[in-house]
Each structure stands twice: as C-alpha cells, then as structure tokens.
Amino acid sequence: MIAVVGAGLMGAATAWQLARRGHEVTLVEAHTIGHRHGSSHGSSRIFRRAYADPLYVGLAGRAYEEWRELERDSATPLLRTTGGLDLGEGRDPEALAGILGAAGVPYELLGAQAASERWPFVRFDGPVLYHPGAGVVDADATVAACVRRARELGAQVLAGVRVVGVEGGRVRLADGREVVAETVVVAAGAWLPDLGLSVVLPELRVTQQQVFHFRQRRPDDEWPVLVAKDANTQVYGLPSGSDGGAAPAMKVAEHDRGTPTSADTRSGIPDPGSRTRVTALVEERLPGLEPAPVAEATCLYTTTPDEDFVLDRHGFLVIVSPCSGHGAKFTPLIGAMAADLATGEAEPHPRFRLRR
Ligand SMILES: Cc1cc2nc3c(=O)[nH]c(=O)nc-3n(C[C@H](O)[C@H](O)[C@H](O)COP(=O)(O)OP(=O)(O)OC[C@H]3O[C@@H](n4cnc5c(N)ncnc54)[C@H](O)[C@@H]3O)c2cc1C
C-alpha cells in the first residue's frame, strides 16, 4: 500500500498515476479537495517549453504528452494551447530561441514591429520569442480530475483530515486513525517543513504571492501567455479562465521574491504595492486590457535556493516538492516520476535530490 500525503496538484497527480498502474493507494488531504489555502487553486497556470535550462525544456515536452494522457483518461480538457511570448532583456529571447531550436521545439523570433502588428494589444520594444506550443492549464480542474480518476481506479481518498506524524510506514491522522503503508509519498507543499520528517530537507522558502485579473478591452482578442523580464523584474500574463469572471480576462502577476510567510500564518491579503506596480505595468505595456483589476488572489510559493524541484526517495519516504513557482506545468509528469520513485521503477534525477 502506498500513502500519499497532500492532494494539491502533485499529490493528486501521484495518486492518479499510482492508481492507474494498479497500486493500492490512500490519498490523505488536510482540507477539502480543491481548497484555496495552498499553491494549486485557480483556473490558470502557464504551460510553456521556453526555459533557459534544457532540462526543463525536455521535461515540459514529456509533460505535454502526460497532459494529453490525463485529458484522455479523465475525459476533461485541461491544457489549452495559446502560444507564448518571451520578451525583455532578462528573458534574452535570442538565447531562448537557440535553446528551443537545439531541442527541436518550434519557435519564431520577431522584431518589435512585427510583434506589434501581430499582437497589437501588447507594446513591444525589443525582440520577441514566440513558441506556439505554450498554453494554459486549469489547476482546479486538474486536481478534481486526478482525484476523481484515482478514486474511480480504486484509490481511497481521506479528505478533511490532517496527517500529524509519519513514523516508519505509519501515517498518523489527527482523528486518531492510522494508515499503514510500505511507502509514503509526501506532497505537502508549503506544509512540508512542518511535518517533522526524518529527512534533511533543502532550505525551503515559503512566500505569499498575488495575482491580478484584468478584463480584455476586446473579448475576441486571442491572447498568448507572456513572460517579460527586464534587469529588475519578471512579470507574467496568461488567460485567466473562470477566475477572471464571465468576460475574457488576463491574469497578470509579478514573479518575485514574494512575502516570506508559512503555510499556516500567511495573511491571504494581496500586497497593495504589487497591485500598484502590476496595474501601472498593464496601463503602460498591455493596452488591450482595462487597467483596473476585476479579481485578485494570493497563493504560496515553496522555493528551493536553485529553484529546482525536490523529487527524491529516502527509505520509505518519497518527497515531492516541485514548486518554486513553476511546477504546475509538469503536474502529470511529476505524478509519473513520483510514482516511479514510490514503486522503485526509477532512480531520482540528480538535480532533484534532497541533498545537492
Ligand atoms: C501565484 C502562483 C502562480 C503560479 N503560476 C504557475 C504557472 O503559471 N506555471 C507553473 O508551471 N506553475 C505555477 N505555479 C506553481 C504551481 O502552482 C505549484 O508548483 C503547485 O501548485 C504545487 O503543488 P503542490 O501539490 O506541491 O502543493 P499544494 O498545492 O500546496 O498542495 C499541498 C497539499 O498538501 C496538503 N497538506 C499539507 N500538509 C498536510 C498534512 N499534514 N496532512 C494532510 N494534507 C496536508 C495541503 O492541504 C495541500 O492541499 C504557481 C504558483 C503560485 C502560488
């Protein structure tokens, strides 16, 4: 029996992957399935191949196949392809183009003028990388689909009950029950450091981040996802999905150091400074959006110093902590990699070790 602690994107995907391989699985979640206290809530996350690091370019390609598999298995559309733009000196579009080209990923490199003609709702002032394979994944729908399919495939799902200790293969629950497992997969997100596990974790920085939704001026404009970085700031944008309301909107946010916090003490209140900066940026650079947010939300990043994931096995424990603000796009692949570790079918990737 394999126990999985946490039903955010990663635990839910791990339970689904294990259940479809025929393993006996118990998934334990402290809150309700689909709650908004962690990192996996909301209707939109960026999927993109464009990474400066070829490791992630390759992983995103494998993840794409797993997304299509999850969609087939759950009969649920989860990944919508929109294309993606990378711009700004910090993203170095020319260098990214070289990396995508070497990996065989289709892309176009455009000058500012050509990009402005194609996407008149964005202001460009330098080269732009476009890659058509980027898009948006629906995080809420993904958690729901994975948990539903895991259950249908025989997994036991215990929601609304917190794991208070893991000793040997015994997973102790707050209501006094115990789950006995050969292997325990811990996918506890920002709560991971609080579990008191018998492993040395890398330094994990938990921060509260905020996102803002801006309505499109013209509902028919087809917005791609965007990642823009200059010397000091990185901002991203993507179609909001249902979080932006009934009319089409874009989610825009800073990918920054956030506000240090912990999973249980975070305020849940968006930083007004971030709202002011993002609104000013929308006004200046994204003329196709109405520059007043129609919705906003907070979320937690759990970040390692090198922003690589943790995906490792230590005795009976498998630790799955793939966030650092960029894990969602890999969800069904992370589920497969965690399942491989839990069943001993694969060794941990050296970059994702607990100690590195
Ligand atoms: C604002 C924001 C924007 C993002 N944008 C992107 C993006 O555009 N593209 C991208 O690829 N990634 C993005 N990410 C990252 C992505 O969302 C995360 O990588 C992912 O959600 C992490 O999921 P998780 O399952 O590890 O953590 P979580 O979602 O936090 O899940 C952990 C779960 O474990 C449960 N749990 C914890 N402790 C216990 C316990 N003791 N007992 C039982 N259950 C427990 C929690 O309740 C929780 O449900 C973004 C993240 C944020 C916050």
Side-chain angles (χ1 to χ4, degrees), residues 8-14 16-18 20-21 39-40 44-73 78-84 86 91-92 95-107 129 131-139 142-143 146 185 187 189 202 225 227 234 236 238 255 301-313 318-343 345-354 356:
L9 282 167
M10 304 309 160
T14 305
W16 167 64
Q17 292 281 17
L18 285 166
R20 69 201 288 257
R21 294 181 192 183
S39 307
S40 299
S44 57
R45 295 288 189 279
I46 291 178
F47 176 87
R48 63 186 156 87
R49 300 291 309 271
Y51 269 84
D53 184 335
L55 169 66
Y56 289 100
V57 179
L59 290 176
R62 288 169 57 194
Y64 179 85
E65 301 303 325
E66 295 284 346
W67 278 110
R68 295 309 184 205
E69 188 54 36
L70 174 56
E71 288 181 318
R72 263 193 299 278
D73 184 61
L78 299 169
L79 166 57
R80 184 164 73 86
T81 303
T82 61
D86 287 85
R91 286 302 281 169
D92 199 347
L96 274 179
I99 292 159
L100 291 190
V105 178
Y107 72 88
L129 175 90
H131 76 298
V136 191
V137 296
D138 185 327
T142 301
V143 170
C146 286
V185 178
V225 305
V227 180
Q234 179 166 328
Y236 61 90
L238 62 158
H255 177 74
Y301 278 3
T302 305
T303 306
T304 56
D306 55 13
E307 298 191 7
D308 278 342
F309 303 148
V310 179
L311 206 49
D312 198 0
R313 180 160 187 142
V318 173
I319 308 295
V320 180
S321 182
C323 184
S324 293
H326 69 120
K329 69 183 67 57
F330 304 101
T331 296
L333 175 66
I334 300 286
M337 293 168 85
D340 286 345
L341 291 177
T343 56
E345 284 164 69
E347 287 296 306
H349 190 286
R351 288 268 297 272
F352 299 158
R353 291 273 194 188
L354 284 156
R356 49 205 198 206

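Sequence positions, counted from 1, serve as the residue numbers for this chain.
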Novice: Hey, what do you get for CD (Glu65) to CG (Leu70), rounding to the nearest 0.5 Å?
Specialist: 13.0 Å

Novice: To the nearest 0.5 Å, tell me how far Met10 CE sits from Met337 CE.
Specialist: 11.5 Å

Novice: Would you please name every residue forming a side-chain contact (heavy atoms from CB on, under 4.5 Å) with Glu307, sequence neighbours left out?
Specialist: His255, Thr303, Ser324

Novice: Under the rule for side-chain hydrogen bond (donor to acceptor under 3.5 Å, both in side chains), what residues qualify as partners of Arg351, not counting sequence neighbours?
Specialist: Asp53, Asp308

Novice: Considering residues at least two apart in sequence or located in another chain, which fulfil the salt bridge (charged side-chain N to carboxylate O under 4.0 Å, His left out) criterion with Arg80?
Specialist: none

Novice: Looking only at heavy atoms, what is the nearest atom pair of Val320 and Ala338, with distance?
Specialist: CG2-CB, 3.7 Å

Novice: Is it the case that the side chain of Trp67 and the backbone of Lys329 share a donor-acceptor pair, with hydrogens and angles ignored and the cut-off at 3.5 Å?
Specialist: yes

Novice: So, using salt bridge (charged side-chain N to carboxylate O under 4.0 Å, His left out) as the criterion, who are the partners of Arg91 when residues are at least two apart?
Specialist: Asp86

Novice: For a quick test of reading the model, state the closest non-hydrogen atom pair linking Leu129 to Ala50 and the distance between them.
Specialist: CD2-CB, 4.1 Å

Novice: Does Phe309 have any ring pair (Phe, Tyr, Trp, His ring centres under 6.0 Å) partners at least two apart in sequence or in another chain, and if so, which?
Specialist: Tyr56, His326, Phe330, Phe352

Novice: Please, which pairs that meet side-chain hydrogen bond (donor to acceptor under 3.5 Å, both in side chains) have at least one residue in residues 332-341, sequence neighbours excluded?
Specialist: Arg21-Asp340

Novice: Looking at Glu345, I'd like to know if its CD atom is crowded, meaning that more than 12 non-hydrogen atoms belonging to other residues, nucleotides or ligands lie closer than 6.0 Å.
Specialist: yes

Novice: Grab the two heavy atoms, one from Thr14 and one from Ala339, that are nearest each other, plus how far apart they are.
Specialist: CG2-N, 4.3 Å

Novice: Restricting to side-chain hydrogen bond (donor to acceptor under 3.5 Å, both in side chains), what partner residues turn up for Arg20, sequence neighbours left out?
Specialist: Gln17, Glu69

Novice: With Tyr107, which residues qualify under ring pair (Phe, Tyr, Trp, His ring centres under 6.0 Å), at least two apart?
Specialist: none

Novice: Say you draw a straight line from OH of Tyr51 to CG of Leu59; how long is it, rounded to the nearest 0.5 Å?
Specialist: 9.0 Å

Novice: Going from CZ on Arg62 to CG on Leu333, what distance comes out if it is rounded to the nearest 0.5 angstrom?
Specialist: 5.0 Å

Novice: Kindly say whether Ala139 contributes a backbone atom to a donor-acceptor pair with the side chain of Arg45 at under 3.5 angstrom?
Specialist: no

Novice: Who pairs with Glu71 by salt bridge (charged side-chain N to carboxylate O under 4.0 Å, His left out), at least two apart in sequence or on another chain?
Specialist: Arg68

Novice: Do you know the tightest heavy-atom contact between Ala52 and Leu96?
Specialist: N-CD2, 3.6 Å

Novice: Do the side chain of Ser40 and the main chain of Leu9 share a donor and acceptor less than 3.5 angstrom apart?
Specialist: yes

Novice: Report the residues that fulfil side-chain contact (heavy atoms from CB on, under 4.5 Å) with Pro305, sequence neighbours left out, ordered by chain and then residue number.
Specialist: Glu203

Novice: Could you tell me whether the side chain of His131 and the main chain of Arg49 form a donor-acceptor pair under 3.5 Å?
Specialist: yes

Novice: Measure from the side-chain N and O atoms of Asp312 to the backbone N and O of Leu354, and report whether any donor-acceptor pair falls under 3.5 Å.
Specialist: yes

Novice: List in chain and number order the residues that pass salt bridge (charged side-chain N to carboxylate O under 4.0 Å, His left out) with Asp138, two or more places apart in sequence or in another chain; answer none if no residue qualifies.
Specialist: none

Novice: Is the closest side-chain heavy-atom distance between Leu79 and Val137 below 4.5 Å?
Specialist: yes

Novice: If the condition is side-chain contact (heavy atoms from CB on, under 4.5 Å), which residues does Ile46 pass it with, not counting sequence neighbours?
Specialist: Arg48, Val225, Val227, Tyr236, Leu238

Novice: Atom OG1 of Thr331 and atom CH2 of Trp16: how far apart are they, to the nearest 0.5 Å?
Specialist: 10.5 Å

Novice: Compare every heavy atom of Pro348 with every heavy atom of Leu341, then report the nearest pair and how far apart it is.
Specialist: CD2-N, 3.5 Å

Novice: Which heavy-atom pair separates Ala13 from Cys146 by the least distance, and what is that distance?
Specialist: CA-SG, 3.8 Å

